[in-house]
Amino acid sequence: MRFLTRRSVVAGMAAFTSLTLIRSSHARTGLGSLKVMTEEYPPYNYKVGAGLSGISVEIMDEMFKRAASGHNREDIALLPWARGYNLTLQRPGHALFSTTRTPDREDLFKWVGPFVPTVVGLTAKKSRHLEIKTVHDLADIRIGVVKDDVGQLLLRAQGVPDDRIETVLSNEQNFRKLMAGRVDAISYETKVTRWGLQMRGADLENYETVYELDRGELFLALHYQTSDKIVETLQSAFDTIVADGTHEKILKQYGITS
């Protein structure tokens, strides 16, 4: 039997008071009401049964716990990319992951991360024998993209004509179009593309990355009016995940190194 001493009682009261203040602080800053969204983007975020899984989901779930936000992965909404992106762009109190941080997006959002390194590029069938040496060569092929995804934004930024870019709302359509030969390539995060093709029965030996558009990192993007206190709280939670090795452990579970 453990006997209570004045010291233990005081320590317990201090811990309780500290936790109460943390929760009260988060309530005042609006962290508890933050609407966090994601998309189908394996291996980073994706649906498994009735729940969500993936590298970024694991990271986000851990951040929720360490920030004492009252959230968990069940509170994350799974939406089509364009809808989640536009909600985060237009409505305070919204946040979206996994979002590639680019110069064009820098001032549109506030950012927490980086969660994981990323490569955006063009994936094509080897049988197409595509030789893309410069961005100018992209004007000669049909490229599938997801609306408002970084794969589309990077192509536009590099001057690829709109009539060579075929836009869809979900990558499910893109994968099927690529496998059926209805586009020459798709512009998307390369790990996600390979994962998606493999899940649909494609032999990855028949596909290759023919051109890299950008190397970057994935973040949580928050509406630009999000209070700095919320951003700092979440960033601090993420930093502790990195510092104690939890972040690296999550990446290794999915075969990825930082």
Side-chain angles (χ1 to χ4, degrees), residues 37-47 54-56 78-86 89 96-105 116-218 221 254 256:
M37 303 168 293
T38 192
E39 63 160 336
E40 190 75 18
Y41 195 62
Y44 303 113
N45 16 274
Y46 57 96
K47 188 174 182 180
I55 298 167
S56 295
L78 184 69
L79 298 175
W81 172 257
R83 185 180 175 194
Y85 184 85
N86 286 318
L89 193 63
L96 178 69
F97 71 95
S98 303
T99 307
T100 305
R101 188 171 183 172
T102 66
D104 288 345
R105 291 173 172 171
V116 67
T118 182
V119 178
V120 179
L122 271 66
T123 301
K125 285 185 174 181
K126 291 180 180 179
S127 60
R128 297 291 296 163
H129 301 295
L130 296 180
E131 292 189 15
I132 310 297
K133 296 181 179 178
T134 71
V135 68
H136 301 293
D137 296 327
L138 301 180
D140 298 324
I141 63 175
R142 297 165 300 155
I143 307 169
V145 301
V146 173
K147 179 177 171 58
D148 293 330
D149 177 71
V150 65
Q152 178 185 22
L153 301 180
L154 288 170
L155 290 175
R156 283 181 171 174
Q158 297 195 37
V160 177
D162 282 342
D163 63 1
R164 307 311 297 163
I165 302 173
E166 298 190 15
T167 304
V168 297
L169 293 179
S170 81
N171 235 352
E172 174 66 28
Q173 297 163 278
N174 259 347
F175 293 138
R176 297 196 181 281
K177 288 171 74 172
L178 181 62
M179 292 169 69
R182 288 160 48 205
V183 292
D184 297 307
I186 58 177
S187 176
Y188 209 59
E189 209 282 336
T190 55
K191 294 186 186 72
V192 178
T193 297
R194 294 182 67 81
W195 182 293
L197 290 171
Q198 187 174 37
M199 290 300 101
R200 287 156 183 80
D203 184 351
L204 294 184
E205 289 299 316
N206 296 330
Y207 295 84
E208 62 182 341
T209 300
V210 295
Y211 191 74
E212 284 191 10
L213 288 165
D214 190 43
R215 286 179 174 262
E217 294 169 313
L218 299 178
Y254 291 83
I256 293 175

- Query: Any donor and acceptor pair, going by atom type alone, linking the side chain of Glu208 with main-chain N or O of Val210 inside 3.5 Å?
  - Reply: no

- Any chance you could lay out the side chain to side chain contact (heavy atoms under 4.5 Å, CB included) test for Val146 and Gln173, step after step, and finish with the verdict? CA-CA 9 Å; Val146 173; Gln173 297 163 278; over 6 Å; no

- Message: Using modelled atom types and a 3.5 Å cut-off, is there a donor and acceptor pairing between side-chain atoms of Lys126 and backbone atoms of Glu205?
- Response: yes

- At what distance, to the nearest 0.5 angstrom, does CE of Met37 lie from OG1 of Thr99? 8.5 Å

- Enter the distance from Lys191:NZ to Thr123:OG1 here, rounded to the nearest 0.5 Å. 11.5 Å

- Item | Taking every non-hydrogen atom, the tightest pair across Val145 and Ser187 | CG1-CB, 3.9 Å

- Query: Does a side-chain N-to-carboxylate-O contact under 4.0 Å join Arg83 and Glu39?
  - Reply: no

- Query: Where do Leu218 and Tyr41 land on the side chain to side chain contact (heavy atoms under 4.5 Å, CB included) test, with the steps shown first?
  - Reply: CA-CA 12 Å; Leu218 299 178; Tyr41 195 62; 4.1 Å; yes

- Message: Rounded at 0.5 Å granularity, tell me how far CG in Asn171 sits from CD1 in Ile186.
- Response: 5.5 Å

- Search all heavy atoms of Pro42 against all heavy atoms of Glu40 and return the closest pair with its distance. CD-C, 3.6 Å

- Here the gap from Leu155 atom CG to Tyr211 atom OH, rounded to the nearest 0.5 Å, amounts to 10.0 Å

- Applying the side-chain contact (heavy atoms from CB on, under 4.5 Å) test to Leu154, which of Asp104, Asp214, Asp149, Val135 qualifies? Asp214

- Examine distances only and state if a side-chain atom of Arg164 and a backbone atom of Ile143 form a donor-acceptor pair shorter than 3.5 Å. no

- Query: Any donor and acceptor pair, going by atom type alone, linking the side chain of Gln198 with main-chain N or O of Arg194 inside 3.5 Å?
  - Reply: no

- Task: Check the surroundings of atom NZ in Lys177: do more than 12 heavy atoms from other residues, nucleotides or ligands lie under 6.0 Å from it?
- Result: yes

- Give a yes or no on whether the backbone of Thr100 and the side-chain of Arg105 come within a donor-acceptor separation of less than 3.5 Å. yes

- What heavy-atom pair brings Lys125 and Met179 nearest, and what distance separates the two atoms? NZ-O, 2.6 Å

- Message: Run the ring pair (Phe, Tyr, Trp, His ring centres under 6.0 Å) test against Phe175 and tell me which residues pass, sequence neighbours left out.
- Response: none

- Query: Under a 4.5 Å cut-off applied to non-hydrogen side-chain atoms, are Pro43 and Val192 in contact?
  - Reply: yes

- Leu169 CG to Thr167 OG1 distance, which is reported to the nearest 0.5 Å: 9.0 Å

- Would you indicate whether the side-chain heavy atoms of Thr102 and Val150 approach each other to under 4.5 Å? yes

- Task: Could you grab the distance from atom CH2 of Trp81 to atom CD of Gln152, nearest 0.5 Å is fine?
- Result: 12.0 Å

- Residues Arg182 and Arg142: closest non-hydrogen pair is O-NH1, 2.8 Å

- Message: If I compare all heavy atoms of Ala124 with all of Leu130, which pair ends up nearest, and what's the gap?
- Response: CB-CD1, 3.7 Å

- Query: How far apart are the C-alpha atoms of Tyr188 and Asn174, what are their side-chain angles, what is the distance that settles it, and do they pass the side chain to side chain contact (heavy atoms under 4.5 Å, CB included) test?
  - Reply: CA-CA 10 Å; Tyr188 209 59; Asn174 259 347; 5.5 Å; no

- Item | Polar side-chain atom of Glu217 near backbone of Arg101 as donor-acceptor pair, under 3.5 Å | no

- Between Thr38 and Phe97, is there a donor-acceptor pair closer than 3.5 Å when you use the side chain of the first and the backbone of the second? yes

- Let me see the working for Ile141 and Arg128 under side chain to side chain contact (heavy atoms under 4.5 Å, CB included), right down to the final yes or no. CA-CA 10 Å; Ile141 63 175; Arg128 297 291 296 163; over 6 Å; no

- List the atom of Glu212, the atom of Thr209, and the distance in Å for their closest heavy-atom pair. CG-CG2, 4.5 Å

- Message: Measuring only between side-chain heavy atoms, which start at C-beta, is Tyr85 closer than 4.5 Å to Lys147?
- Response: no

